[in-house]
Amino acid sequence: RVVSNADKDRLVPQVLGLLEEVFDLEPVAREPLPGARLRTRAYIKVQDGCDNRCTFCITTVVRGAGRSRPLGDVLADIDSAVEGGAQEVVLTGVHLGSWGQDGGDEAADAGLRIRDLVAAVLRETGAPRVRLSSLEPWDLDADFFGLWAEDPRLCRHLHLPLQSGCDRTLRRMARKTSQKSFRGLVRDARRACPEIAITTDLIAGFPGETEDEFEKTLAFVEEMAFAGAHVFPYSERPGTAAAAMPDPVDHPVRKRRAADLRRIVSRSARRYRERFAGQTLAALWESAAALGPDGWHMSGLTDNYLRVSALAPRDLWNELTPVVLEEVTEEGMNGRMGE
């Protein structure tokens with residue numbers, strides 16, 4: 001039996017031959033607790049599905065239309081996670097920034113949007129840290145960035161998928177952004193929160209991408225000075241519009257362009273890390289790699305997504321403690337425990 005994403009919530013009552021109304025009298029409670037597979041962050045899914053039509057993506061076909069979870073359910077999940085010991089909650093969704101925009105739920109009825117969701121989480125829960133997962137750039141405006149001034153628990157990190165830095169390529173991708181709008185969004189974010197880490201996604205070798213278009217992307221990515229990026233050579237997905245587009249880019253060229261992008265991002269990411277050398281930040285310790293004569297070798301993340309390694313006198317798993325960032329490394333920073 002094949003069950004679509006749209007029907008999966010009805011699978012159990014259908015198999016058991018129960019009416020949904022009867023089954024819903026005893027709902028299955030989901031409790032996102034830390035500790036499973038040694039995770040310290042609780043991922044809170046606030047919506048599913050996507051209404052975008054990006055030509056390279058199969059998500060809309062697989063996941064269906066965007067659907068927001070009620071605000072009360074989201075807050076209850078976060079309360080449960082915090083009660084279980086989570087030091088950080090991450091708001092996630094297939095199209096996170098669209099929360100509240102689909103019709104028929106309490107969020108849409110109340111006119112709530114993603115900024116309202118984040119504000120409510122900060123206002124009504126005791127989560128020590130709140131992080132946002134990927135947000136499409138067209139879902140945000142300048143007012144959104146005021147959230148960082150309102151509550152220091154909101155992690156100084158934004159993941160804004162760009163995919164390409166060339167307007168012509170972006171149009172073929174059916175992305176609702178441009179160099180101008182993306183540049184303005186990044187400027188507004190950095191004005192509101194100068195130390196924010198902005199990371200992104202990039203696709204190299206999209207169908208029809210010429211050398212001139214790729215050079216425009218390279219220049220724009222360098223200008224944006226990202227703190228990190230996921231870079232992918234374009235890969236065809238059957239059933240997507242891009243898979244049928246003319247002028248595919250040869251695979252060796254895709255790989256070469258991806259490597260060029262990674263080099264640029266690696267340089268800007270290192271420059272971003274260098275800004276914090278000598279500063280003391282709070283780190284959430286996620287793992288202990290080893291116990292040696294000098295203590296525990298801990299690895300953790302700062303709120304602005306810096307990977308930190310440091311020695312500790314005891315296992316600090318799932319604890320937030322200050323750490324002095326001393327040395328920039330290839331992938332993160334080395335530090336020492338602060339006071």
Side-chain angles (χ1 to χ4, degrees), residues 3-12 20 24 27-33 39 41-54 56-82 86 88-125 127 129-141 143-145 147 151 153-155 157-163 174-177 185 189 199-201 230 240:
V3 181
S4 71
N5 268 279
D7 293 331
K8 66 183 179 184
D9 290 339
R10 295 187 290 272
L11 176 61
V12 175
E20 287 187 44
D24 284 342
V28 177
R30 295 181 301 147
E31 296 187 6
L33 301 178
R39 290 180 178 173
R41 288 175 280 166
Y43 290 83
I44 309 296
K45 190 170 184 178
V46 306
Q47 71 85 230
D48 201 353
C50 183
D51 295 318
N52 293 316
R53 295 292 185 269
C54 300
F56 54 80
C57 185
I58 198 68
T59 298
T60 301
V61 176
V62 175
R63 292 285 186 177
R67 307 177 298 285
S68 301
R69 292 187 64 210
L71 176 59
D73 290 355
V74 173
L75 297 178
D77 272 2
I78 293 174
D79 287 339
S80 176
V82 172
E88 179 178 307
V89 297
V90 185
L91 304 185
T92 70
V94 174
H95 183 190
L96 174 63
S98 71
W99 184 87
Q101 295 180 29
D102 50 293
D105 69 352
E106 66 181 38
D109 292 342
L112 301 180
R113 293 296 183 264
I114 184 63
R115 190 193 193 285
D116 304 298
L117 171 65
V118 178
V121 169
L122 293 168
R123 183 178 63 250
E124 300 183 30
T125 75
R129 288 208 313 206
V130 178
R131 190 179 299 278
L132 308 175
S133 63
S134 182
L135 287 162
E136 295 293 1
W138 53 83
D139 291 323
L140 307 181
D141 56 29
D143 291 340
F144 182 85
F145 305 121
L147 288 165
D151 198 317
R153 294 179 299 152
L154 183 60
C155 293
H157 175 214
L158 272 178
H159 188 81
L160 303 174
L162 173 63
Q163 308 301 1
R175 300 286 290 166
K176 303 173 187 176
T177 190
L185 191 71
T199 56
T200 195
D201 295 331
H230 301 300
T240 62

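Along the sequence shown, residues are numbered consecutively beginning with 1.
- With rounding to the nearest 0.5 angstrom, the CG atom of Leu154 is 5.5 Å from the CG atom of Leu132.
- Taking all atoms of both residues into account, the shortest heavy-atom contact from Leu112 to Trp99 is CB-CZ3, 3.7 Å.
- Between Ile78 and Leu91, some side-chain heavy-atom pair lies under the 4.5 Å cut-off.
- Legend: residues meeting side-chain hydrogen bond (donor to acceptor under 3.5 Å, both in side chains) with Asp139, ordered by chain and number and at least two apart, are His95.
- Rounded to the nearest 0.5 angstrom, Asp77 CG and Asp73 CG are separated by 7.0 Å.
- Residues satisfying the side-chain hydrogen bond (donor to acceptor under 3.5 Å, both in side chains) criterion with Asp116, sequence neighbours excluded, are absent altogether.
- Panel note: side chain Arg175, backbone Pro161; a donor-acceptor pair is recorded below 3.5 Å.
- Arg67 and Asp48 are joined by a salt bridge, as a carboxylate oxygen and a charged side-chain nitrogen come within less than 4.0 angstrom of each other.
- The main-chain N or O of Asp143 is found under 3.5 Å from a side-chain atom of Arg115 such that the two form a donor-acceptor pair.
- Between the OG atom in Ser4 and the CG atom in Leu11 there is a gap of 10.5 Å [rounded to 0.5 Å].
- When all heavy atoms of Gln47 and Ser98 are compared, the closest pair comes out as NE2-OG, 3.6 Å.
- The line from CG of Leu185 to CG of Leu158 is 8.0 Å long, rounded to the nearest 0.5 Å.
- The closest side-chain heavy-atom distance from Val121 to Val118 is not below 4.5 Å.
- The main-chain N or O of His157 is never found under 3.5 Å from a side-chain atom of Arg131 such that the two would form a donor-acceptor pair.
- Note that NE2 of His230 and OG1 of Thr199 are 6.5 Å apart. Values are rounded to the nearest 0.5 Å.
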Q: Could you please spell out the steps behind the side-chain contact (heavy atoms from CB on, under 4.5 Å) verdict for Trp138 and Thr177?
A: CA-CA 6 Å; Trp138 53 83; Thr177 190; 4.2 Å; yes
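- With sequence neighbours excluded, the residues forming a side-chain hydrogen bond (donor to acceptor under 3.5 Å, both in side chains) with Asp201 are His159, listed by chain and number.
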Q) Checking side-chain contact (heavy atoms from CB on, under 4.5 Å) for the pair Gln163/Cys54: CA distance, chi angles, key distance, verdict? A) CA-CA 10 Å; Gln163 308 301 1; Cys54 300; over 6 Å; no
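- The shortest side-chain heavy-atom distance between Leu135 and Phe144 falls under the 4.5 Å cut-off.
- Across every non-hydrogen atom of Ala127 and Arg153, the tightest pair is O-NH1, 2.9 Å.
- At least one donor-acceptor pair under 3.5 Å links the side chain of Thr200 to the backbone N or O of Leu160.
- Ala86 and Ala42 get closest at one heavy-atom pair: CB-CB, 4.0 Å.
- The OG1 atom of Thr59 sits 12.0 Å away from atom CG of Asp51, with the distance rounded to the nearest 0.5 Å.
- The two atoms that bring Ser133 and Leu96 nearest to each other are OG-CD2, 3.6 Å, heavy atoms only.
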